Amino acid sequence: PGNSIGLEAIIRKALMGKYDD
Amino acid sequence: EITKEQRTLMRLIVDAHNRHQIPQDITKKLLQEQYSAEENFLLLTEVATNQVQVLVEFTKNIPGFLSLDHEDQIALLKGSAVEAMFLRSAQVFSRKMPNGYIEVLEERIRKSGISEEFITPMFNFYKSINELHMVEEEQALLTAITILTPDRPYVKDQQAVERLQEPMLDVLRKLCILQHPQEPQYFARLLGRLTELRTLNHYHAEMLTSWRMN
């Protein structure tokens, strides 16, 4: 479950923000 | 024949696939040959986080993805992340790289503390992708198709996802016929790799637990 929460947090943040190449 | 709209779709997906890569400062670190076990572990976890970010940026550029329900976007990315990352890694290992690079990368994974029982199927998968000799359009489309799999857990509007995935499957099918005319089963072989990915996905949670304990 810890992995899943970590993965979701990264996904949500990346979907909202911008990731510089 | 691939239609004009299909060419546009392919170009958008290939451009996004090529544009979003692991940053060079991280790939440089990966190719260093001297490192401690702890440095290796930290770098591999940094790469994993980066790969997820790269995956999200690629996915945002898939036509229609951002028009899906927001929570379905999260569910698709969560559900496909492991498979998409294995596929992306396998594509990296398939590339022509300067001498010795593949060996350095392989060594890092073998020294990571991940158990051999998980490393073997992972490298078998990389080998099977390598043997397909996919062109870049096929690689990009296959990655997009993996992400847009409608039956991931918690996806509410599966039909909306199918409507995005189907045109990609169609153009990939045509591309396979045009690129590999001597291999009429090539498209089926590609789809077979998606089944292999599901198996790797299944092992992944177990692999992480075992790795953490090591």
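Every chain is numbered from 1, with letters handed out A, B, ... down the list of sequences. All figures in this text were calculated on a predicted structure; none of them were measured in a lab.
Around CZ of B:Phe118, the count of heavy atoms belonging to other residues, nucleotides or ligands within 6.0 Å exceeds 12. Residue B:Tyr101 places its OH atom among 12 or fewer non-hydrogen atoms of other residues, nucleotides or ligands, all under 6.0 Å distant. For B:Gln24, the CD atom counts as loosely surrounded, since its 6.0 Å shell holds 12 or fewer non-hydrogen atoms of other residues, nucleotides or ligands. Heavy atoms from other residues, nucleotides or ligands lying under 6.0 Å from NZ of B:Lys127 number 12 at most.
Heavy atoms only, all atoms of each residue included: A:Glu8 and B:Ile74 are closest at CG-CG2, 4.0 Å. The nearest pair of heavy atoms linking B:Val56 to A:Leu15 is CG1-N, 3.7 Å.
For A:Lys13 (side chain) and B:Gln53 (main-chain N/O), no donor-acceptor pair under 3.5 Å exists by modelled atom type.
With values rounded to the nearest 0.5 angstrom, A:Ile11 atom CD1 is found 7.0 Å from B:Leu55 atom CG. Annotation: the span from A:Met16 atom CE to B:His70 atom NE2 amounts to 8.0 Å, rounded to 0.5 Å.
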